[in-house]
Protein chains: 2
Amino acid sequence: MAVTIKDVAKQAGVSPATVSRVIADNPRISSKTKQKVREVMEELGYFPNFQARNLVAKKSQTLGIVMENSATLAFQNPFFPEVLRGISTRAHGSQYGLYLSTGATQEEIHREVVEMAQGKRVDGIILLYSKIGDPVMEYLGQCGLPYSVVGRPYKDPETISYVDNDNINNAKETVEYLISLGHQHIAFVGGATDFVVSLDRMEGYRQALDQHGIPFVEAYAVNQELMQGKEREAIRQLMALDVPPTAIVTHDDMVAYEVIGYLEDLQIRVPEDISIIGFNNHAISKHLKPPLSTVDISIYELGLHAAELVLEKITDESVPPKQVVVSSRLIERGSCRRL
Amino acid sequence: MAVTIKDVAKQAGVSPATVSRVIADNPRISSKTKQKVREVMEELGYFPNFQARNLVAKKSQTLGIVMENSATLAFQNPFFPEVLRGISTRAHGSQYGLYLSTGATQEEIHREVVEMAQGKRVDGIILLYSKIGDPVMEYLGQCGLPYSVVGRPYKDPETISYVDNDNINNAKETVEYLISLGHQHIAFVGGATDFVVSLDRMEGYRQALDQHGIPFVEAYAVNQELMQGKEREAIRQLMALDVPPTAIVTHDDMVAYEVIGYLEDLQIRVPEDISIIGFNNHAISKHLKPPLSTVDISIYELGLHAAELVLEKITDESVPPKQVVVSSRLIERGSCRRL
DNA sequence: CTGAAAGCGCTTACAG
DNA sequence: CTGAAAGCGCTTACAG
């Protein structure tokens with residue numbers, strides 16, 4: 001049996017209430033008593049029971065982290081550990097623990113979130129993705145638990161605390177960079193279209209083309225749904241067009257690596273024959289051959305702010321929702337060339 | 001205020017005890033009562049409070065995950081998300097939640113682990129690394145909380161439940177593979193020497209050399225301490241030796257990428273001029289140019305078994321410690337050539 | 001088959 | 001400055 005507050009009280013010759021106050025460092029307890037009690041706590045190896053403490057305090061000192069768990073998606077990508085590192089740092093600074101969702105399907109995740117919230121397992125939730133028509137986001141909006149989102153919510157973003165990059169502008173600048181290198185035939189390989197970030201980057205791609213009078217070519221805009229898992233074939237088709245692109249923007253470095261591999265197999269060289277640019281600046285990208293040009297989106301900062309936002313809400317329910325935009329920057333390396 | 005068991009009891013015209021029994025699906029409650037109570041629970045939107053339930057049950061249905069948090073190390077590496085995916089899957093299957101350590105230093109982590117354990121925040125702990133002289137491992141050994149380790153413990157491994165690859169043999173086979181390709185001058189770039197996995201792989205390297213009558217060359221064996229963060233310089237020196245190696249085994253694919261980059265800068269080509277082989281088979285390795293030969297260590301399985309092992313201990317304290325060896329296999333790709 | 005009571009380990013008004 | 005008491009939301013022998 002673990003030692004409880006009662007054991008300490010008895011041993012120190014005080015009441016349990018007093019021990020509790022010593023733990024809380026209540027100023028109304030004499031320093032003499034405090035010292036005595038602390039000695040006994042040390043002696044007996046006392047540690048407060050979180051379950052009990054949290055039950056009466058009606059809080060858990062824990063943040064729930066909810067991620068898309070479709071295995072490949074969330075876990076293969078270095079985004080997850082890096083954003084977690086940011087969250088972890090901020091949470092740890094405020095003595096908050098981290099509780100992870102483990103569900104594999106949307107239904108499971110949804111149920112877990114409801115349990116976390118209703119079961120008072122967590123004081124707030126960080127949603128690590130933003131997709132269209134997401135029941136989890138829907139639920140969070142209603143249930144009243146503090147939460148924040150990494151990524152702009154599709155619905156009513158102004159009512160929600162979230163952190164994001166300016167994805168539209170990022171994509172736009174990326175395309176403009178390629179245009180400035182003399183490219184006119186620029187393809188875009190995007191992600192799943194129910195993710196807001198995918199929409200935004202596609203939007204930026206179109207805006208850049210528009211503003212530079214370059215016609216939008218349907219066949220140049222590829223996304224995950226269109227590829228249906230046949231990425232290799234998609235790239236082959238793209239390059240077999242009458243006017244194949246001279247540059248490709250991909251929505252993630254991982255995808256860029258893949259695409260480069262497929263191009264290689266087609267005897268198309270990067271950057272000699274085609275320019276490639278990625279997103280997210282993974283740790284390995286600079287070591288690639290050629291080093292991959294990419295957009296650094298400050299993933300760590302995204303995590304930091306996401307945690308900051310929930311924590312703010314937890315501390316004061318009444319603070320208005322806040323939106324944080326984290327800066328990004330284009331990193332020129334060796335995968336793009338001037339035409 | 002959230003709805004409690006009392007609200008349900010009142011509304012259903014039964015006692016709180018009965019409601020509790022309905023939640024537990026106690027067979028001694030009539031199905032009529034059960035149905036009535038369940039209807040009311042539904043109607044009022046009742047959810048059990050975990051804090052309360054766990055307080056009396058003296059369990060938390062939660063597994064603590066402890067990782068090295070030295071930022072770069074744990075988080076940059078795809079190992080972490082993948083092992084977490086394995087753990088997550090198994091834990092979720094048994095309705096266990098995951099609680100993450102967030103400490104940045106060894107002291108912080110140690111304190112967190114003590115709090116998790118003593119504060120009854122978790123029912124068991126999974127230690128994601130094994131290093132020499134680790135106070136965390138020391139503590140876990142004493143405190144009596146069920147735990148498992150990913151990686152062979154340095155001290156008293158037979159008394160501890162852990163999962164690991166046969167790292168000695170893996171490294172040995174890797175070197176033998178290179179020998180079979182005609183290499184005699186084989187270097188080894190290892191990790192931090194306080195990690196058991198590093199020791200094991202180095203040991204396997206030496207064994208292979210020994211058994212094939214190849215002398216061990218001090219300068220060929222590089223590790224993280226020797227490099228002191230000057231990886232580039234270390235590689236330069238390695239290749240500037242009177243007899244430079246014709247092949248390098250690196251202890252991780254990430255390191256392999258880096259090394260390849262440095263070699264590239266020295267105008268040394270892979271695999272034409274030198275063969276490289278990695279460890280851990282990251283998702284990107286197959287897309288590299290050249291595709292990286294590596295050892296797949298089944299990271300997901302490591303996670304799965306680690307979770308299985310703690311869960312077993314939690315269910316039955318008396319089961320003897322168990323050791324699981326997860327298989328690995330050498331994946332030949334394009335980064336090694338026959339001499 | 002169901003309820004009253006005690007208790008899990010803590011906190012916090014309320015008194016003094 | 002400190003204690004007795006009530007209570008957080010649940011579970012579980014003990015009765016009946």
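A, B, ... follow the sequence lines: proteins, then strands. Residue 1 opens every chain. What you see is a predicted model, and the numbers here were worked out from it, not measured in a lab.
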Report the distance from atom CG of B:D25 to atom C1' of C:dC1, rounded to the nearest whole Å. 15 Å
For B:S20, answer base if it contacts any base atom (sugar-phosphate contacts may also be present), sugar-phosphate if it contacts only those atoms, and nothing otherwise; contact means non-hydrogen atoms under 4.0 Å. base
Is A:Y46 touching bases, backbone alone, or none of the nucleic acid, heavy atoms closer than 4.0 Å? sugar-phosphate
May I ask you to evaluate whether B:S15 reaches the phosphate of C:dG3, defined as a side-chain N or O under 4.0 Å from OP1 or OP2? yes
Spacing of A:N54 atom CG relative to D:dC8 atom P, expressed in whole Å: 16 Å
Euclidean distance, atom CD of residue A:Q51 to atom P of C:dT11 [Å, nearest integer]: 14 Å
Quick check: do B:R38 and B:K34 have side-chain heavy atoms less than 4.5 Å from each other? yes
Can you spot which of B:V150, B:V149, B:I160 makes a side-chain contact (heavy atoms from CB on, under 4.5 Å) with B:L127? B:V149
In whole angstroms, how far is the P atom of D:dG9 from the CZ atom of A:R53? 18 Å
Regarding the side chain of A:R21, the nearest nucleotide among D:dA4, C:dC10, D:dG9 is D:dA4
Tell me: NZ of B:K34 to P of C:dT2, nearest whole Å? 10 Å
Measure from NZ on A:K120 to C1' on D:dG9 and round the result to the nearest Å. 11 Å
Let me know the distance between CD1 of A:I29 and P of C:dT12, rounded to the nearest Å. 13 Å
Answer with base, sugar-phosphate or nothing: what part of the nucleic acid does A:V19 contact at a heavy-atom distance below 4.0 Å? nothing
From NZ of B:K59 across to C1' of D:dT11 the rounded distance in Å is 11 Å
Taking atom CD of A:E158 as the centre, report whether more than 12 heavy atoms of other residues, nucleotides or ligands fall under 6.0 Å from it. yes
Nearest-nucleotide 5' precedence on DNA chain C, B:L55 against B:R28: B:R28
Less than 4.0 angstrom between a side-chain N/O of B:K32 and OP1 or OP2 of C:dC1, yes or no? no
